Amino acid sequence: MTVERKPTIREAYVEASSFLQGHRVNEAASCAELLLQHLFGWSRSELLLRWQELFPVERLEEWRQLLERKAAGEPVQYIIGEQEFYGLPFTVTPAVLIPRPETELLVEQVVLLGRKLWSDGSARHKRNDVGADHAERAADRKPDMRQAEGELRLQRGEPPLVADIGAGSGAIAVTLAVQCPEWRLMSSDISPAALAIARDNARRNGVEGRVAFLEGDLLKPYIEQGLRLDAVVSNPPYIPEADEEGLQPEVRLYEPPSALYGGKDGLELYRRLIAQLAELAAMPSLVGLEVGMGQASAVAQMLSAAAKWDEVRIIPDLAGIDRHVIAVRYNEPEMQTGSVE
């Protein structure tokens with residue numbers, strides 16, 4: 001009588017990769033590896049060290065279920081509950097958009113330009129006394145500001161105040177807080193579920209006390225509280241509604257629609273957000289926006305019409321697609337380089 005040989009972990013990985021590839025899963029081998037790490041709670045190095053061990057029989061059914069979920073199209077990030085962004089771990093669920101590598105470039109640009117604007121660690125753009133006093137009174141009469149993560153008092157000479165509009169998983173705000181510990185960060189979203197995940201990610205990455213989270217639509221909560229923002233950063237929903245059917249099933253069927261679609265032409269959120277800039281206590285020195293394919297010129301024109309900037313630049317992603325629009329008002333004359341559109 002022959003006894004069926006138990007597979008090694010490596011053999012299970014090879015078989016899983018083939019199975020997922022047969023179901024037209026993109027990057028099937030990488031998905032199989034991530035699922036194995038998730039199943040056993042191992043790092044990649046530990047997985048490779050234990051490559052030749054026999055696969056535990058008692059975990060085979062759980063392994064099969066993970067593979068079936070991935071084969072059905074569910075994003076691997078939702079299955080394992082995590083996505084790395086800018087080298088940091090972020091918890092993700094179907095309540096939030098999965099952070100993309102393209103957005104890392106937006107964070108990178110904001111960090112570079114912000115450090116250039118605020119090289120001494122403080123916001124130096126002009127604040128008139130009336131506006132500053134109004135912002136301070138607004139903070140005093142709004143108890144939710146004091147209950148938020150971090151005391152964010154608006155006083156002259158304090159570090160720059162940067163707002164991330166559309167928190168999602170908190171990837172942008174949390175990463176900025178980690179990269180620029182001298183900055184004050186706020187992040188808002190219309191989704192309470194998303195804000196809960198963003199708060200968890202702030203705790204997970206050690207910046208819980210340095211990012212304040214607010215519930216509200218675009219810039220409305222900042223306008224209502226009379227806050228002076230030094231920078232506004234956002235990766236709003238930008239997919240045109242007509243493009244829904246052409247999306248990959250793992251995006252269309254699993255990621256939150258409220259984080260994907262930006263109206264008929266994909267530009268609805270940009271129009272509203274840019275129009276609201278004028279309602280802030282003062283125009284920010286820096287605005288950074290991620291955009292969809294073919295949208296950069298239109299968004300750049302909206303920003304140019306909304307205020308007088310020293311520079312409005314369009315930044316391509318690694319695939320050469322115009323992906324980010326950055327508008328800047330420099331504080332020091334020698335830093336002005338002219339407009340690039």
Side-chain angles (χ1 to χ4, degrees), residues 12-13 16-17 19-21 23-47 59 62-108 164 166-176 178 187 189 191-205 207 234-239 244 246-261 290 292 317-319 323:
Y13 158 77
S17 299
F19 171 76
L20 294 178
Q21 192 171 19
H23 284 78
R24 299 185 178 180
V25 171
N26 292 329
E27 300 181 354
S30 177
C31 287
E33 187 176 302
L34 288 171
L35 291 174
L36 276 173
Q37 290 176 236
H38 171 70
L39 178 68
F40 295 119
W42 296 343
S43 65
R44 186 172 190 273
S45 58
E46 186 173 4
L47 174 65
R59 307 302 295 274
E62 185 180 358
W63 175 235
R64 184 193 66 78
Q65 291 176 8
L66 291 174
L67 293 175
E68 290 289 349
R69 289 172 64 183
K70 183 59 227 166
E74 185 174 354
V76 68
Q77 294 90 341
Y78 289 155
I79 297 175
I80 68 176
E82 182 172 302
Q83 170 67 8
E84 185 179 283
F85 182 86
Y86 222 88
L88 301 172
F90 284 86
T91 298
V92 293
T93 76
V96 299
L97 192 75
I98 298 168
R100 265 59 170 190
E102 298 84 36
T103 310
E104 294 180 338
L105 298 177
L106 175 62
V107 170
E108 181 180 76
D164 164 37
S169 65
I172 291 177
V174 169
T175 303
L176 288 174
V178 171
S187 187
D189 205 292
S191 167
L195 287 171
I197 293 169
R199 288 188 179 98
D200 285 342
N201 281 320
R203 283 191 286 269
R204 184 176 186 182
N205 287 286
V207 293
S234 184
N235 176 22
Y238 55 67
I239 299 174
E244 178 179 357
L247 294 176
Q248 292 180 327
E250 63 180 24
V251 175
R252 176 170 48 85
L253 300 177
Y254 291 94
E255 298 201 61
S258 62
L260 293 173
Y261 305 111
E290 182 164 324
D317 61 20
L318 297 178
R323 185 63 67 184

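What you see is a predicted model; the values in this text were computed from it and never measured.
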Counting neighbours of [atom1] on [X] that are heavy atoms of other residues, nucleotides or ligands and sit closer than 6.0 Å, is the number greater than 12?
{"X": "R64", "atom1": "CZ", "result": "yes"}
{"X": "E27", "atom1": "CD", "result": "no"}
{"X": "Q37", "atom1": "CD", "result": "yes"}

Taking C-beta and beyond as the side chain, do [X] and [Y] meet within less than 4.5 Å on heavy atoms?
{"X": "Q77", "Y": "E82", "answer": "no"}
{"X": "W63", "Y": "L35", "answer": "yes"}
{"X": "Q248", "Y": "N26", "answer": "yes"}
{"X": "N205", "Y": "P89", "answer": "yes"}
{"X": "F40", "Y": "E46", "answer": "no"}
{"X": "R204", "Y": "T91", "answer": "yes"}
{"X": "V107", "Y": "F85", "answer": "yes"}
{"X": "L34", "Y": "S30", "answer": "yes"}

### Query
Can you check whether P99's main-chain N or O pairs, donor with acceptor, with T103's side chain at less than 3.5 Å?
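Not at all, since once roles are kept as given, no pair shorter than 3.5 Å links the two residues.
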### Task
State whether the side chain of R252 and the backbone N or O of G246 hold a donor-acceptor pair below 3.5 Å, judged by distance alone.
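Flag not set: sc R252 to bb G246 has no pair under 3.5 Å.
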State, to 0.1 Å, how close [X] and [Y] come at their nearest heavy-atom pair, and which atoms those are.
{"X": "A193", "Y": "A95", "result": "CB-CB, 4.0 Å"}
{"X": "P75", "Y": "E250", "result": "CG-O, 3.4 Å"}
{"X": "C31", "Y": "K70", "result": "SG-CE, 4.1 Å"}
{"X": "S17", "Y": "A28", "result": "O-CB, 3.6 Å"}
{"X": "S234", "Y": "D164", "result": "CA-OD1, 4.5 Å"}
{"X": "L195", "Y": "A167", "result": "CD2-CB, 4.2 Å"}

Return the [atom1] to [atom2] distance between [X] and [Y], rounded to the nearest 0.5 Å.
{"X": "I239", "Y": "L260", "atom1": "CD1", "atom2": "CG", "value": "4.5 Å"}
{"X": "L47", "Y": "S43", "atom1": "CG", "atom2": "OG", "value": "8.0 Å"}
{"X": "I79", "Y": "L67", "atom1": "CD1", "atom2": "CG", "value": "8.5 Å"}
{"X": "D189", "Y": "S169", "atom1": "CG", "atom2": "OG", "value": "10.0 Å"}
{"X": "L105", "Y": "Y86", "atom1": "CG", "atom2": "OH", "value": "8.5 Å"}
{"X": "E104", "Y": "I172", "atom1": "CD", "atom2": "CD1", "value": "11.0 Å"}

### Task
Answer yes or no: is there an ion pair linking R44 with E33, defined by an N-O contact shorter than 4.0 Å?
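Looking at R44 and E33, the cut-off is met.
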### Task
Could you check Y78, Y254, F90 and say which one makes a side chain to side chain contact (heavy atoms under 4.5 Å, CB included) with I98?
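Only match with I98 under side chain to side chain contact (heavy atoms under 4.5 Å, CB included): Y78.
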### Task
For the pair L66 and L39, evaluate side-chain contact (heavy atoms from CB on, under 4.5 Å) and give the outcome as yes or no after the intermediate values.
CA-CA 8 Å; L66 291 174; L39 178 68; 4.0 Å; yes
### Task
Begin with the C-alpha distance, continue with both residues' side-chain angles, and end with the deciding distance and a verdict on salt bridge (charged side-chain N to carboxylate O under 4.0 Å, His left out) for R69 and E74.
CA-CA 6 Å; R69 289 172 64 183; E74 185 174 354; 2.8 Å; yes
### Task
Mind running salt bridge (charged side-chain N to carboxylate O under 4.0 Å, His left out) on E255 and R100 for me, showing each step along the way?
CA-CA 13 Å; E255 298 201 61; R100 265 59 170 190; 2.6 Å; yes
